[in-house]
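What follows is one structure encoded as structure tokens, with my remarks underneath.
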Amino acid sequence: MNDWQRKSPLEWQTYVNKQVKVAAAEKHEYEGWVLTVDPVSANIVLARFPENEKVLISVVLGHAIQEVEILKEGDDEMKKRLSRLLMPEESKAYSPEELEKRKNNLKTWLETNHIPVTEQGESGRTLCVAGVLTVDPPYGPEECNSSNEIILSRVQSLIQGYLEKQ
């Protein structure tokens with residue numbers, strides 16, 4: 001086991017969002033921004049941003065890592081860029097105002113289609129449909145919860161259709 005593999009997850013966490021140079025076995029060198037470090041295998045995931053190209057992701061196997069040198073700290077813009085890399089498009093963050101608008105639009109649409117809906121929770125963030133299904137922010141089909149599979153499926157289909165028309 002090498003020094004890199006002996007580090008703790010908290011130590012590896014200090015490398016995330018930093019530009020590093022990794023010296024690996026057989027005199028290989030890798031450079032890039034650390035996206036994450038696998039806590040089991042000690043593999044390090046690097047991202048590079050060549051000019052006029054899409055991002056390049058590479059994985060350096062933990063057992064091959066001999067040394068990791070920090071070259072540069074990531075600024076806030078780089079941290080955001082790195083966090084968006086592996087995030088699905090639909091899971092983008094919404095502002096409180098956008099969430100409120102999405103909730104109100106969905107509630108109005110459901111009421112227009114004669115589907116009973118109420119707001120639940122301390123802040124009224126959760127929509128309750130017909131007393132048997134809830135919809136949490138950001139109010140898409142994936143955020144529907146119900147123990148009744150038939151109702152769950154139908155309401156998810158309705159919401160999906162509604163969102164596609166938007």
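Keep in mind that the numbers below use all heavy atoms, side chains included, and drop hydrogens, waters and symmetry copies.
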Mind listing the closest non-hydrogen atom pair of [X] and [Y] along with its distance?
{"X": "Q5", "Y": "S41", "value": "NE2-O, 4.4 Å"}
{"X": "Y139", "Y": "I159", "value": "O-CG2, 4.0 Å"}
{"X": "G140", "Y": "V135", "value": "O-CG1, 4.2 Å"}
{"X": "V16", "Y": "L35", "value": "CG1-O, 3.6 Å"}
{"X": "K103", "Y": "G124", "value": "NZ-O, 3.0 Å"}
{"X": "C144", "Y": "V155", "value": "SG-CG1, 4.5 Å"}

W33 with I57, same ILVMFWY side-chain cluster at under 4.5 Å: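 They do share one cluster, since a chain of ILVMFWY contacts under 4.5 Å joins W33 to I57.
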Starting from M78, can I reach V37 by hopping between I/L/V/M/F/W/Y residues whose side chains sit under 4.5 Å apart?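 Not linked; separate clusters.
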Backbone of [Y] reached by a side-chain donor or acceptor of [X] within 3.5 Å:
{"X": "T14", "Y": "E11", "result": "yes"}
{"X": "E69", "Y": "K21", "result": "no"}
{"X": "S153", "Y": "E149", "result": "no"}
{"X": "N2", "Y": "I65", "result": "yes"}
{"X": "K107", "Y": "E119", "result": "no"}

Is it the case that over 12 heavy atoms from other parts of the model lie below 6.0 angstrom from the CZ atom of R102? yes
Gap between atom CG of N148 and atom CG of L133 - 0.5 Å precision: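 If I round to the nearest 0.5 Å, the distance is 9.0 Å.
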For Y30, which residues count as a ring pair (Phe, Tyr, Trp, His ring centres under 6.0 Å) partner, sequence neighbours excluded?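 In terms of ring pair (Phe, Tyr, Trp, His ring centres under 6.0 Å), with neighbours along the sequence ignored, Y30 is linked to no residue.
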So, Q160 and E164: side-chain donor and acceptor under 3.5 Å apart, yes or no? yes
In terms of relative ring orientation, are Y15 and W4 parallel, tilted or perpendicular, with 30° and 60° separating the classes?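 Rings of Y15 and W4: perpendicular, as their planes differ by over 60°.
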